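Bear in mind the structure is a predicted one, so any value in this text is a computation, not a measurement.
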Amino acid sequence: MESKRQQKFAGVIQQDLAEIFQREGMSFLPNMLVTITKVRMTPDLAIARVFLSFFNSQDAALALSTIKAHANEIRYKLGSRIRNQARVVPSLEFFIDDTSEYVNRMDQIFDKISKEPRQPDTEEE
């Protein structure tokens, strides 16, 4: 369970990273929308685990590797934004957030189940 301090700092990181991706994300991921769905901080606030969702992307793994290649640049831009709020700029670890894919798969399964013929209820007397 994350402490209030971790949650608060994760929120700051998430907001600033969202602005960075919104303004400057097109330079390394053209025609793609990147959403930061979740940020988790380690207890010492040294590592930020950033979960990303990609829209308008055929290959999320390729997009993730592109972002990982630009991680130092993103961290530098983040550092210039939070330099007055944090003693140390956390290292950034990026992950794909597959929650939306999971939800879509579950919806497909439920649709398939609802379309299957139902067995009649048998009552025993």
Side-chain angles (χ1 to χ4, degrees):
M1 176 138 169
E2 286 186 298
S3 69
K4 292 283 185 194
R5 183 171 175 230
Q6 287 172 283
Q7 291 173 355
K8 186 175 180 182
F9 194 52
V12 169
I13 299 291
Q14 183 172 0
Q15 183 177 6
D16 287 333
L17 281 176
E19 290 176 12
I20 289 169
F21 279 111
Q22 184 179 12
R23 292 199 173 109
E24 302 164 20
M26 290 293 181
S27 63
F28 42 85
L29 289 173
N31 300 323
M32 195 177 305
L33 178 65
V34 180
T35 305
I36 291 127
T37 56
K38 185 174 18 176
V39 175
R40 296 280 186 238
M41 299 299 303
T42 57
D44 61 356
L45 304 179
I47 300 172
R49 293 185 175 98
V50 182
F51 294 87
L52 305 171
S53 179
F54 300 100
F55 296 102
N56 201 18
S57 170
Q58 279 70 31
D59 190 5
L62 178 64
L64 182 66
S65 64
T66 303
I67 288 177
K68 285 182 178 181
H70 290 88
N72 289 334
E73 177 185 347
I74 295 167
R75 184 174 181 238
Y76 176 79
K77 290 176 182 179
L78 177 67
S80 65
R81 289 175 170 263
I82 66 167
R83 67 177 174 261
N84 296 328
Q85 300 172 20
R87 193 169 10 120
V88 177
V89 179
S91 298
L92 301 175
E93 294 179 354
F94 294 103
F95 302 95
I96 295 175
D97 184 13
D98 59 351
T99 305
S100 62
E101 293 172 15
Y102 178 76
V103 168
N104 288 337
R105 270 187 286 154
M106 294 306 291
D107 283 342
Q108 289 173 353
I109 290 170
F110 287 135
D111 286 344
K112 183 179 175 184
I113 291 171
S114 67
K115 291 176 184 176
E116 289 180 356
R118 300 187 86 169
Q119 295 179 357
D121 291 337
T122 57
E123 292 183 17
E124 294 183 23
E125 292 183 27

TODO: Measure the CD1-CZ distance between I36 and F51 for me, rounded to the nearest 0.5 Å.
DONE: 12.5 Å
Task: Smallest separation among heavy atoms of L17 and V50, with atom names - done: CD1-CG2, 3.7 Å
Open item on the list: Any non-hydrogen side-chain atom of D16 less than 4.5 Å from a side-chain atom of L78?
Closed with: yes
TODO: Report yes or no: do L64 and V39 belong to one cluster of Ile/Leu/Val/Met/Phe/Trp/Tyr joined by side chain heavy-atom distances under 4.5 Å?
DONE: yes
Open item on the list: If you compare all heavy atoms of M41 against all heavy atoms of Q6, which two are closest, and at what distance to 0.1 Å?
Closed with: O-NE2, 2.8 Å
Open item on the list: Is it true that, when you exclude Q58 itself, more than 12 heavy atoms of the residues, nucleotides or ligands shown sit nearer than 6.0 Å to its CD?
Closed with: no
Task: Interatomic distance, F55 atom CZ to T35 atom OG1 [nearest 0.5 angstrom] - done: 4.5 Å
- [ ] Mark yes when over 12 heavy atoms from residues, nucleotides or ligands other than E73 sit less than 6.0 Å from its CD; otherwise mark no.
- [x] yes
Task: Exam field: side chain E93 to backbone I47, donor-acceptor pair closer than 3.5 Å - done: no
- [ ] Would you name the heavy atoms of V89 and R75 that are closest together and state the gap between them?
- [x] O-NH2, 2.6 Å
Open item on the list: Applying the side chain to side chain contact (heavy atoms under 4.5 Å, CB included) criterion to S3, which one of Q7, M1, R5 satisfies it?
Closed with: R5
Open item on the list: Between F94 and V34, is there a side-chain heavy-atom distance shorter than 4.5 Å?
Closed with: no
Task: Heavy-atom closest contact (P90 atom, A48 atom, distance) - done: CB-N, 4.0 Å
TODO: Find the distance between OG1 (T42) and CZ (R49) and round it off to the nearest 0.5 Å.
DONE: 6.5 Å
Open item on the list: Quick check for you: to the nearest 0.5 Å, what is the distance between H70 atom NE2 and L92 atom CG?
Closed with: 14.0 Å
Open item on the list: Can you tell me if Q15 has over 12 outside heavy atoms packed within less than 6.0 Å of its CD?
Closed with: no
Task: Point-to-point distance, once rounded to the nearest 0.5 Å, from OG1 of T66 to CG of D59 - done: 9.0 Å
Open item on the list: For the CZ atom of F21 and the CG atom of L29, what is their distance to the nearest 0.5 Å?
Closed with: 7.5 Å
